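Proteins get letters first, then strands, A, B, ... in listed order; numbering begins at 1 in each. Keep in mind the model is a prediction, meaning the values are calculated, not measured.
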Amino acid sequence: MTGRILALIDGNSFYCSCERVFDPKLATRPVIVLSNNDGCAVARTSEAKALGIRMGEPFFKIRDLCRDEGVAVFSSNYTLYGDMSARMNAIYRDWSPDVEVYSIDESFLDLTGFGRRDLDAYARDLRSTVRQWTGIPTCVGIGPTKTLAKLANHVAKKNGELGGVCDLSDERTRSAWLDRIEVGEVWGIGGASEAKLVAIGVRTAGDLSRLDPRLARKMMTVVGERTVHELRGISCMPLEHVPPQRKGCAVTRSFGTPVTTLAGMLEAVAAYATRAGEKLRRHGLETAHLAVFMHTSEFNPRDRPYSAATTVHLPEASNDTLDLVRAAQRGARAIWRDGFRYAKAGIVMNDLIPTGRAPRPLFDARDREQSDALMTAMDVVNARFGRGTIVPAAAGIKREWQTKFEMRSPRYTTRVAEIPRVSAG
DNA sequence: TCTGGGGTCCTAGGACCC
DNA sequence: TCTGGGGTCCTAGGACCC
């Protein structure tokens, strides 16, 4: 396909920006957002980056620095970020006939046929609209392929003087930028490929674009070959309009405090199975078997290590929470060993089947109608009053193992009780 | 004391079949 | 004496993404 124009727009330090929207006092302060269990820094504003806080840095190592430097620290608030993301995508759909939501904070927009000279102004208008309507600052990268649009977005982010927009659709201006970008910054080139490429003298995105595609394939499979073509402006990756049917589904969590009793473990896997059931039903899928795993800390050398997993077959394919809980607990009992401090457990389901497509046993032991009615009722109540309003008793009340979110901001946009208050005086 | 949670795609190699 | 080859399916592991 030639003559295509794509834009990649994404939120700057997206999670941090969401927090800033609802607390203007954070506007000039460094802000970071932590991963699940308050484990690592996964989003940092430029001020936080300037303090030397790295992506993925464990929080306990930077706790003192954050206190001394006045860094605002937040647990992840996925409810809030997901809602802000939906608002941004609603705007994008007004601005392009063809939008691919690529991740929670990134979307590709098809701008083919918009007129090359007007693109820059169009992108700047879009940015300021998103900023005004949602409060989120963004950057826009423009190019003839997804890989080049991503790279243009990277350039826009790193070069403040561009004002948040970079257009690499013109071949002549493009090559100058490509020669200035390290090869590891290219979408699809991770640490392993970067090391191999640098070893043969391919150091920049420009070098990679000039690499023989056959050699790229030999070194990095067909994925690497595609990347070379995309860097040359030949599109190999179409926009995905409808998300493809998902192939697997997992619910895994680190524990807030280590689990040392079987009762605690059974509670935790029941809670994870409950969540798994919600995900399956939302996607119209079911499963005939699930894997359960548990392990001790990978990091604490004083903990005796233990890691185990097993696959449990359900009597028949199902997405009923109670079936999944039973199966998950059976698996957990089978691999449980006393005397360890468990740090994490989870359940993993592959081979998902669209609901109703699985073979039925000749004599169906389940009352399918009753099961569906109960699950639907649970999902409706939980959607209305918040996840976890109704859970199976097996998922526990005390939940000492529960993942930590000790610094989570209010769910400003999705819970009436947590809506921001404004007082005029 | 404290280190995330999801996903996808690709390839090689073995088992099995005719 | 001569001892195939091509196809499919599955799994594990690597690499990458956000």
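Each side-chain hydrogen bond (donor to acceptor under 3.5 Å, both in side chains) pair with one or both residues in residues 240-265 of chain A, not counting sequence neighbours, appears once here: A:D98-A:H241. For residues 81-92 of chain A, the set of pairs meeting the side-chain hydrogen bond (donor to acceptor under 3.5 Å, both in side chains) definition, not counting sequence neighbours, comprises A:E19-A:Y81, A:D83-A:R87, A:D83-A:T413, A:N89-A:S107.
At whole-Å resolution of the value, CE in A:M407 and C1' in B:dG4 are 14 Å apart. Spacing between atom CD of A:Q402 and atom P of B:dG5 amounts to 13 Å, rounded to whole angstrom units. When the C1' atom of B:dT1 is taken as reference, atom CZ of A:R302 falls 9 Å away, rounded to whole Å. Atom-to-atom, OH of A:Y78 to C1' of B:dG5 comes out at 7 Å; the value is rounded to the nearest Å. Atom CZ in A:F59 sits roughly 13 Å away from atom P in B:dT3 (whole-Å rounding). For A:R54 and B:dT3, the CZ to P distance is 17 Å, given to the nearest whole Å. In this structure, A:E406 places its CD atom 17 Å from P of B:dT1, rounding to the nearest Å.
In terms of the side-chain contact (heavy atoms from CB on, under 4.5 Å) criterion, residue partners of A:H154 (sequence neighbours excluded) are, by chain and number, A:K158, A:I181, A:E185. For the salt bridge (charged side-chain N to carboxylate O under 4.0 Å, His left out) test, no residue two or more places apart in sequence or in another chain qualifies with A:D351. With sequence neighbours excluded, the residues that form a side-chain contact (heavy atoms from CB on, under 4.5 Å) with A:L162 are A:V155, A:N159, A:C166, A:W177. Residues satisfying the salt bridge (charged side-chain N to carboxylate O under 4.0 Å, His left out) test with A:R67, not counting sequence neighbours, are A:D64. Scored by the salt bridge (charged side-chain N to carboxylate O under 4.0 Å, His left out) test, A:K157 finds A:D10 as partners (sequence neighbours excluded).
Residue A:N300 is in sugar-phosphate contact alone, with no base atom involved, counting any heavy-atom pair closer than 4.0 Å across all strands shown.
Note on A:N37: every side-chain N or O is 4.0 Å or more away from OP1 and OP2 of B:dC2. Taking side-chain N and O atoms only, A:K404 has no distance below 4.0 Å to OP1 or OP2 of B:dG4. Within the structure, a side-chain polar atom (N or O) of A:S254 is placed less than 4.0 Å from OP1 or OP2 of B:dG5.
Where A:T403 and A:R63 each meet DNA chain B at their nearest nucleotide, the meeting point lying more 5' is that of A:R63.
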Writing each nucleotide of DNA chain B 5' to 3' as (, ), [, ], | or . by Watson-Crick or G-U pairing under 3.5 Å yields ....||||||||||||||
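Between A:W95 and A:Y122, the ring centre distance stays below 6.0 Å.
A cation-pi contact, defined as under 6.0 Å to the ring centre and within 45° of the axis, is absent between A:R337 and A:F340.
Taking atom P in both C:dC18 and B:dC2, one finds a spacing of 30 Å when rounded to whole Å. Taking the C1' atoms as reference points, B:dC16 lies 15 Å from C:dG4, given to the whole Å.
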Counting primed atoms, P, OP1 and OP2 as sugar-phosphate and everything else as base, the B/S/- map of nucleotides 6-12 of chain B against protein heavy atoms under 4.0 Å is SSSSSS-
Anything under 3.5 Å between a donor and an acceptor, one on a side chain of residues 215-226 of chain A, the other on a protein residue two or more places apart or in another chain? List them.
| unit_1 | atom_1 | unit_2 | atom_2 | d |
| --- | --- | --- | --- | --- |
| A:R217 | NH1 | A:E225 | OE1 | 2.7 |
| A:T221 | OG1 | A:V223 | N | 3.2 |

Identify all side-chain donor-acceptor contacts of residues 54-62 of chain A below 3.5 Å with residues at least two apart in sequence or on another chain.
| unit_1 | atom_1 | unit_2 | atom_2 | d |
| --- | --- | --- | --- | --- |
| A:R54 | NH2 | A:E57 | OE2 | 3.4 |
| A:E57 | OE1 | A:R54 | N | 3.1 |

For nucleotides 14-18 of chain C, tabulate all protein N/O to nucleotide N/O atom pairs closer than 3.5 Å, reporting atom names and distance.
| unit_1 | atom_1 | unit_2 | atom_2 | d |
| --- | --- | --- | --- | --- |
| C:dC16 | OP1 | A:G190 | N | 3.0 |
| C:dC16 | OP1 | A:G190 | O | 3.4 |
| C:dC16 | OP1 | A:S193 | N | 2.8 |
| C:dC16 | OP1 | A:S193 | OG | 2.5 |
| C:dC16 | OP2 | A:G191 | N | 3.4 |
| C:dC16 | OP2 | A:A192 | N | 3.0 |
| C:dC16 | O5' | A:G190 | N | 3.3 |
| C:dC17 | OP1 | A:G188 | N | 2.5 |
| C:dC17 | OP1 | A:I189 | N | 3.3 |
| C:dC17 | O3' | A:W187 | NE1 | 3.4 |
| C:dC18 | OP1 | A:K150 | NZ | 2.5 |
| C:dC18 | O3' | A:S103 | OG | 2.8 |
| C:dC18 | O3' | A:E106 | OE2 | 3.3 |

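Under the 4.0 Å criterion applied to side-chain N and carboxylate O atoms, A:D38 and A:K404 are not assigned as salt-bridge partners.
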